[in-house]
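For reference, the structure discussed in these notes is given below.
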2 protein chains.
Amino acid sequence: MLAKSSTELVRQQNSALVLSALRRHGRLAHTEISDATGLASATISSITADLERARIIEKSEQQATVGRGRPRVLFSQRRNCGYLITVIISSDLIQYSLIDYAGTLLDRFSEPRGEGGTAAFLAAISAGLERAVERSRIDRGSVLLVSVSSKGLAHPSEPVLVWSPVFGSQPVDFAAALKDGWHAKVILNNETLLVAGALLERQVKTQGGGEPVLAALSLGHSIGLGIARRVAGGVPEISAPNFGHMLHMPNGGLCRCGARGCVEAYAGFYAILRAAFEVPLDTIPAKFVPVAEIDKIAARARQGNRMAQLAFRNAGAALGYGLSRLLSLHGHMPVFITGPGTRYQDLLQAGIEEGLAQTHVVRLGGMPGLTVVPDEPSLVFEGHLNLAFSIVDQDIIGSRQSMQAAGE
Amino acid sequence: MLAKSSTELVRQQNSALVLSALRRHGRLAHTEISDATGLASATISSITADLERARIIEKSEQQATVGRGRPRVLFSQRRNCGYLITVIISSDLIQYSLIDYAGTLLDRFSEPRGEGGTAAFLAAISAGLERAVERSRIDRGSVLLVSVSSKGLAHPSEPVLVWSPVFGSQPVDFAAALKDGWHAKVILNNETLLVAGALLERQVKTQGGGEPVLAALSLGHSIGLGIARRVAGGVPEISAPNFGHMLHMPNGGLCRCGARGCVEAYAGFYAILRAAFEVPLDTIPAKFVPVAEIDKIAARARQGNRMAQLAFRNAGAALGYGLSRLLSLHGHMPVFITGPGTRYQDLLQAGIEEGLAQTHVVRLGGMPGLTVVPDEPSLVFEGHLNLAFSIVDQDIIGSRQSMQAAGE
DNA sequence: ATCTAATTTCTCGACTGTCGAGAAAAAAGC
DNA sequence: GCTTTTTTCTCGACAGTCGAGAAATTAGAT
């Protein structure tokens with residue numbers, strides 16, 4: 001069923017539009033907002049007045065005026081309107097970042113990821129969040145959103161990790177990490193989903209468009225994939241399919257997930273290690289492989305060692321076949337490769353292309369663009385900010401009380 | 001970028017809401033529309049008055065009033081507001097249906113699909129369309145939409161068949177089938193996409209909800225797949241990925257598409273034939289296999305013939321592995337199996353389940369629901385109507401002239 | 001035959017929103 | 001000090017939704 005519309009929703013939508021223009025371009029003047037949003041000047045006056053009264057945005061201190069005419073009044077988000085904490089979970093560390101409403105990074109620290117079960121893990125995160133607010137002397141209640149990312153499968157609507165390399169199918173509910181005194185909403189997303197979102201937003205910013213859809217492939221100990229698509233409504237649609245554990249080969253090598261023949265069981269770091277040393281494919285996979293170990297194999301491969309070369313080539317082929325299936329089921333799209341595994345791109349490339357080349361989609365639409373994007377951590381952080389602020393802004397605008405009561 | 005909103009769009013949205021309620025439930029009274037849409041009674045008055053003035057809806061002739069109180073006034077679409085033609089292309093026939101704006105089928109006929117290239121094909125369709133309007137003495141100009149369906153890959157936005165079993169990658173632009181005097185828009189969709197859309201709408205109607213996503217799998221000479229998803233906005237999102245030509249097995253059997261190892265090259269009718277007779281897998285596939293031929297193989301399989309059994313089982317496995325990949329990349333969802341191939345479900349089932357069972361998604365989310373839905377043709381037609389009328393209604397409402405000028 | 005209750009449709013005024021035009025503000029140049 | 005230029009702000013017109021209650025119309029009671 002379609003949703004009904006009303007004049008209030010119109011104002012909400014257009015307020016969101018103003019706020020998102022401010023996010024994208026930073027400080028803007030009245031006229032600039034009007035240009036960016038397409039709304040009439042009078043409408044901008046009305047909306048900015050509302051937002052200012054609600055203490056969501058503020059007029060920046062005057063900067064040196066340039067050119068003649070009435071000086072511009074720049075608007076920007078009120079820094080202490082609220083805060084955002086991002087929690088980036090990787091295999092060995094948990095990184096916490098505190099960001100104010102204007103998007104400025106206030107604090108960042110990492111803590112080693114301890115051993116133990118999900119309870120201990122959640123307790124550690126809970127402590128980390130407490131530490132984050134205490135270090136900056138910020139009221140817990142003013143944290144609007146905690147944005148968590150991890151590898152693995154996130155529940156589509158709840159902040160629950162449905163499957164992860166570390167805890168398997170034992171669910172982890174991050175909502176439980178917030179104790180009393182916190183009012184923040186908690187969201188959880190797959191890491192590579194955020195990367196895909198960040199890449200799409202970068203495209204919008206630089207080319208003002210470009211292809212409307214892309215995939216991000218993260219190579220490392222595990223294999224991550226995110227898809228981002230610009231869709232009619234305006235809000236991009238991002239998802240993180242279970243690519244790493246899609247079937248590559250029936251009855252194939254044993255994977256960390258317990259299944260057989262997953263893509264990861266051929267292309268993950270542990271799989272490359274296994275293949276290079278000709279360990280039987282049903283060997284229980286290594287919990288963790290230091291990058292140095294794979295570097296050694298890569299060095300041998302680059303020196304001509306056949307077995308090492310084959311390990312990378314097969315890994316590439318698993319990825320290529322997997323990508324060909326991705327393109328078959330999601331349509332043709334460019335692929336951006338990121339993660340620690342990109343340093344072996346020279347050894348993987350041939351296999352990837354071989355795997356891709358056979359399929360009908362590729363024969364029809366051509367080889368998809370394969371671009372290596374090295375700096376995964378900043379993409380993840382960017383993705384966090386994009387997604388988190390769009391949610392925070394939506395929530396703030398949605399709660400009409402804040403817009404009206406604050407005006408008293 | 002988000003889209004800007006305005007009060008006019010609000011009216012558009014709500015008018016569409018009223019029209020879609022009318023589509024779903026048939027004739028409705030003022031109060032019923034209000035209940036169905038959630039709009040205030042006064043708003044319904046205003047909108048229905050507009051639509052009536054624009055000659056889009058009309059008050060039905062009074063029917064026997066029941067119960068006391070002021071008698072209801074029922075609204076329904078004005079039949080001759082415009083017409084819709086559906087063109088359903090199958091391997092041997094082309095079926096034309098003429099439907100009025102109220103959704104009543106006025107005429108239907110089929111013509112054999114001739115030989116020849118794309119030009120001859122388009123000319124035949126052009127003639128078929130002419131015949132459709134002439135038989136019912138309808139003005140070409142009052143046909144609002146021609147909705148075409150076919151197997152194969154449709155262009156995402158244009159009515160162009162990008163790949164089809166018959167014409168291969170030679171594109172067919174159905175817009176060219178309309179000559180002078182026609183103002184209709186032409187849309188083209190994959191047949192199984194329409195099936196998926198129809199199944200989703202049926203779920204909405206009966207259960208008022210149910211799972212928000214499903215897949216339709218059509219088994220026949222070729223393999224079709226459609227995905228339908230209820231999404232926040234209200235308009236369902238339907239797509240037809242290139243499932244049949246997704247890679248099933250690297251360097252596998254030759255497919256009609258020219259690639260090797262496609263799902264279809266193992267699960268299509270010609271593939272079952274090839275496997276049952278132990279013809280080498282790189283044999284050029286048969287253009288067309290009569291169902292009777294496959295029936296014979298099925299009979300032999302049911303009588304215990306090993307080779308025939310294996311042919312079906314391998315076909316099932318190709319489908320099962322393919323579906324497991326679908327679930328990996330699109331999330332867990334129930335699958336509805338349709339098409340002529342459903343009559344061999346008993347022989348395919350085991351293979352399908354075997355192929356599905358191995359994967360991570362299935363181990364996590366359980367075996368997906370597999371439901372056989374026999375009557376594919378009516379699903380296709382239903383899908384045509386759903387999609388076509390939602391577009392027609394949108395267009396009619398969108399063209400503001402019709403709403404205002406008609407009031408003179 | 002008339003009155004009352006029930007039910008539905010229609011209308012009015014209040015409210016919220018967008019927009020265009022032009023007034024007001026404020027700095028730079030002459 | 002006046003003019004030009006540029007930006008912001010304000011006003012009134014217009015479009016839309018909503019709640020309340022009036023108007024319409026029938027069934028049943030008296």
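Chain letters run A, B, ... following the sequence lines, proteins first and then strands; every chain starts at 1. Values below: every heavy atom of this structure, side chains too, minus hydrogens, waters and symmetry copies.
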Using only side-chain N and O atoms of N14(A), determine if any of them is under 4.0 Å from OP1 or OP2 of dT18(C).
-> yes
Among dT8(D), dT18(C), dG20(C), find the nucleotide with the atom closest to the side chain of A42(A).
-> dG20(C)
For I397(B) and dG16(D), give me the distance from atom CD1 to atom P, rounded to whole Å.
-> 13 Å
Separation of dT7(C) atom C1' from R68(B) atom CZ, nearest Å, is 9 Å
Knowing that exactly one of V213(B), V235(B), L214(B), L200(B) qualifies, which makes a side-chain contact (heavy atoms from CB on, under 4.5 Å) with R230(B)?
-> L200(B)
Return the nearest nucleotide to the side chain of R11(A); candidates are dT18(C), dC9(D), dG16(D).
-> dT18(C)
Identify whether NZ of Lys or CZ of Arg in R23(B) sits under 6.0 Å from the centre of the six-membered ring of Y101(B) and within 45° of that ring's axis.
-> yes
When rounded to the nearest 0.5 angstrom, what distance separates CG in L193(B) from CD1 in I238(B)?
-> 4.0 Å
The answer to which of S41(A) and T7(A) contacts DNA chain D further toward the 5' end, by nearest nucleotide, is S41(A)
D35(A) CG to dT8(D) P, straight-line distance once rounded to whole Å = 10 Å
Hey, which of these two, V10(A) or T31(B), hits DNA chain C nearer its 5' end, going by closest nucleotide?
-> T31(B)
Which of these nucleotides, dC18(D), dT10(D), dG17(C), is closest to any side-chain atom of S45(A)?
-> dT10(D)
Assess whether side chain to side chain contact (heavy atoms under 4.5 Å, CB included) is satisfied between F75(B) and S60(B), documenting all intermediate values.
-> CA-CA 6 Å; F75(B) 288 99; S60(B) 305; over 6 Å; no
Is the base of dT8(D) touched by the side chain of R70(A) through a donor-acceptor pair closer than 3.5 angstrom?
-> yes
